[in-house]
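What follows is a short report on a single structure.
Below, read A as the first sequence line, B as the second, and so on, with proteins coming before strands; counting in each chain starts at 1. Just so we're clear, the structure is a prediction, and the values are computed from it rather than from any experiment.
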There are 2 protein chains.
Amino acid sequence: MPKDPVTRNDVAEYAGVSTAVVSYVVNEGPRKVAPETRDRVLEAIRALGYRPNATARALRMGTTRTFGLITPDGGNPLFAELAKAIDREAAARGYVVLQTSADGDPETENAKIAELLTRQVSGLILVAPTEDPDLRDVEVPVIAVNRRLPAVSSVRPAYLDGARLGVEHLISHGHRRIGLVIGGAGHPERELGWRTALATAALPEGPVVRAPFSREGGYWAGRVLLRHEPTAIFASSDLQAIGVLRALHEAGADVPGDVAVVAFDGTPETEYTWPPLTVVRQPVEALAREAVRRLIEGEESVEALTVPTDLVRRRSCGC
Amino acid sequence: MPKDPVTRNDVAEYAGVSTAVVSYVVNEGPRKVAPETRDRVLEAIRALGYRPNATARALRMGTTRTFGLITPDGGNPLFAELAKAIDREAAARGYVVLQTSADGDPETENAKIAELLTRQVSGLILVAPTEDPDLRDVEVPVIAVNRRLPAVSSVRPAYLDGARLGVEHLISHGHRRIGLVIGGAGHPERELGWRTALATAALPEGPVVRAPFSREGGYWAGRVLLRHEPTAIFASSDLQAIGVLRALHEAGADVPGDVAVVAFDGTPETEYTWPPLTVVRQPVEALAREAVRRLIEGEESVEALTVPTDLVRRRSCGC
DNA sequence: TTGAAAGCGGTACCAG
DNA sequence: CTGGTACCGCTTTCAA
């Protein structure tokens with residue numbers, strides 16, 4: 001027996017006032033209300049269990065105070081952490097986040113974008129979107145996180161500097177043959193960071209393996225890499241590093257004794273691998289904060305905002 | 001220069017028809033429209049880039065076709081997997097999911113519930129909610145996942161049978177001193193499953209340690225447990241098992257040689273621990289499917305629906 | 001200080 | 001087959 005929802009009319013009637021007054025009380029404005037009338041209204045609200053209808057409010061106001069958030073995969077720890085941080089950040093500013101996953105599929109991504117726009121989101125946050133999402137006729141602010149997009153504001157970690165930082169750390173441990181595990185095309189910066197660190201130290205370029213950003217991908221890459229006998233490996237994502245670790249264990253290699261490992265990302269999972277991974281940590285909270293801020297403040301700039309990373313030393317590098 | 005959104009009025013005017021006709025075309029009903037008129041309208045929609053306003057539609061229809069989803073922590077892999085599955089399942093049925101995290105805090109949880117109701121969600125999915133969420137005056141269907149709640153429909157894995165299955169497997173490997181890592185109060189079933197398996201095999205109860213459902217909690221529990229020298233450990237969650245694994249590695253114990261481990265949950269992370277974890281897998285997809293189905297079909301029953309688990313044999317048990 | 005009423009965008013009934 | 005229009009719940013201007 002789902003009782004009819006209580007509307008503002010019911011409250012007005014119960015309190016013996018007009019609907020306008022109820023509105024003034026609920027929103028604490030824009031007109032003043034006599035304290036005594038106010039109390040009557042509040043009492044009515046409590047008595048009836050009235051809950052304002054945000055849908056109607058949104059229609060009238062033209063804004064939902066809702067952000068749409070699309071990640072390639074909610075099951076990826078990095079994206080989960082990012083989503084969590086964005087949710088928290090948005091909530092703190094009175095926004096709600098409609099979070100959904102594109103399953104790494106461009107078509108699904110476009111369908112989700114359309115769906116979110118239909119629901120009148122006040123802004124769109126695209127985490128690591130595909131190459132070329134359909135953003136025509138989008139009249140709300142959009143921000144890309146962890147990836148640049150033409151004509152769209154974006155926020156991202158310092159991929160190049162971060163990767164260089166990680167590789168330099170490996171070099172400081174005395175490594176001279178440092179392999180790289182990196183994703184497919186379209187992610188040049190971490191690779192460039194690795195290359196730069198090696199060049200600066202006048203070291204030859206170690207082996208490079210391209211594989212998907214997944215545990216499976218890292219495992220496969222690790223096995224391939226082992227044949228080149230590197231003394232250290234820089235993995236461009238946590239997931240890949242975890243796969244590399246497995247390949248190393250299976251081969252009976254000691255980490256960091258035989259092969260040292262450093263990863264890029266720094267999700268919580270890396271603290272509990274064996275051995276714990278030394279990582280270049282993405283500034284997840286800062287990325288979330290900046291993304292939300294830009295959206296709310298309607299940042300016009302299409303310049304990518306780059307947020308610095310930091311090195312977290314654990315066991316896998318030899319520290 | 002955010003151009004004004006195109007409304008149904010603009011389309012009607014452009015196509016030279018009434019707004020009603022536009023509505024009939026967009027919704028393919030409830031009245032028929034002459035094919036030629038239809039084409040004019042579709043052309044107008046395309047030309048103007050019209051996108052229906054779901055907010056207005058929801059107001060008129062009284063339903064948003066949106067579910068609210070609250071998890072204790074979006075960063076927890078199990079909840080992330082569950083959320084992902086629910087999102088996918090709901091999308092397949094034309095619903096969108098408003099996903100948010102309660103940060104494991106009852107107050108936040110209640111605030112989020114209120115927030116979601118305010119936004120007129122068509123149903124509420126509470127994943128592993130706290131003891132006693134405030135569900136008064138909730139006029140939409142609610143379903144609890146992975147936890148029973150008074151007077152609320154719920155869906156959950158077979159905790160007891162699953163735990164028993166895991167422990168029996170350990171017993172079949174010849175273990176006779178099997179420790180248990182379990183959460184604090186309020187989760188009696190996995191413990192009972194462990195107890196039942198031991199009793200059935202006429203084995204003495206091994207040591208029990210209660211710790212938070214986290215990697216840290218598991219680590220701590222593992223260290224405590226080691227002092228009792230068990231030959232096997234059943235961890236009631238993946239996260240705890242991962243912590244246990246670290247404690248074991250630090251102590252120089254071989255897994256599964258010195259101590260075997262089996263965990264409950266079976267998130268993807270367990271496939272890549274060292275050694276890979278044998279797990280009792282929660283039927284995440286089935287849980288999601290049933291939760292969404294019950295919500296949509298307005299399941300009245302308050303009986304908890306129990307979905308069976310299955311054992312995934314990997315290395316940590318000695319298989 | 002309060003009330004009446006217009007209108008946000010869309011739906012669907014009633015007439016034609 | 002199509003047009004006109006009342007109404008969903010709420011905000012806010014205008015008038016009282």
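- Side-chain nitrogen and oxygen atoms of B/T7 include none within less than 4.0 Å of the OP1 or OP2 phosphate oxygen of C/dC8.
- Atom CD in A/E28 sits roughly 14 Å away from atom P in D/dT12 (whole-Å rounding).
- Per the geometry, CZ belonging to B/R65 stands 18 Å off P belonging to C/dG10, to the nearest Å.
- Using a 4.0 Å heavy-atom distance criterion, B/T55 is classed as making no nucleic acid contact.
- Remark on DNA chain D: of its neighbouring residues A/A56 and B/S18, the 5'-side contact belongs to B/S18, judged by nearest-heavy-atom nucleotide.
- A salt bridge links B/E43 to B/R46: at least one charged side-chain nitrogen sits closer than 4.0 Å to a carboxylate oxygen.
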Report task. Verify side-chain hydrogen bond (donor to acceptor under 3.5 Å, both in side chains) between A/S237 and A/D265, making sure each step is shown before the conclusion. Result -> CA-CA 6 Å; A/S237 72; A/D265 279 353; 4.7 Å; no
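- With the nearest nucleotide of DNA chain C identified for both A/A34 and A/T19, A/A34 has the one nearer the 5' end.
- Position along DNA chain D of the nearest nucleotide to B/L59 versus B/Y24 favours B/Y24 as the more 5'-ward residue.
- One finds the CD atom of B/Q282 at 6.0 Å from the CG atom of B/L287 (value rounded to the nearest 0.5 Å).
- Put simply, B/R31 has a side-chain N or O that comes within less than 4.0 Å of OP1 or OP2 on C/dC13.
- Remark: the B/T130 side chain and the B/E109 side chain contain an N/O donor-acceptor pair separated by less than 3.5 Å.
- Between B/E290 and B/R293 there is a salt bridge, with a side-chain nitrogen of the basic residue lying less than 4.0 Å from a carboxylate oxygen of the acidic one.
- Here A/V33 lies in heavy-atom contact (under 4.0 Å) with sugar-phosphate atoms only.
- Here C/dG10 is the nucleotide among D/dT12, C/dG10, C/dT1 with the atom lying nearest to any side-chain atom of B/P52.
- D/dC10 atom C1' lies 8 Å from atom CG of A/N53, rounded to whole Å.
- No donor-acceptor contact under 3.5 Å links the side chain of A/Y50 to the base of D/dC10.
- We find that CG of A/D10 is positioned 9 Å from P of D/dC10, with the value rounded to whole Å.
- Atom CZ of A/R60 is separated from atom C1' of C/dA5 by 11 Å (rounded to the nearest Å).
- One interatomic measurement links the two molecules: CZ of B/R40 to C1' of D/dC1, which rounds to 12 Å at whole-angstrom precision.
- Residue A/V22 is classed as having no contact, given no heavy-atom separation below 4.0 Å to the nucleic acid.
- As a whole-Å value, the separation of A/E36 CD from C/dT2 C1' is 13 Å.
- What separates CZ of A/R51 from P of D/dG9 is a distance of 15 Å, to the nearest Å.
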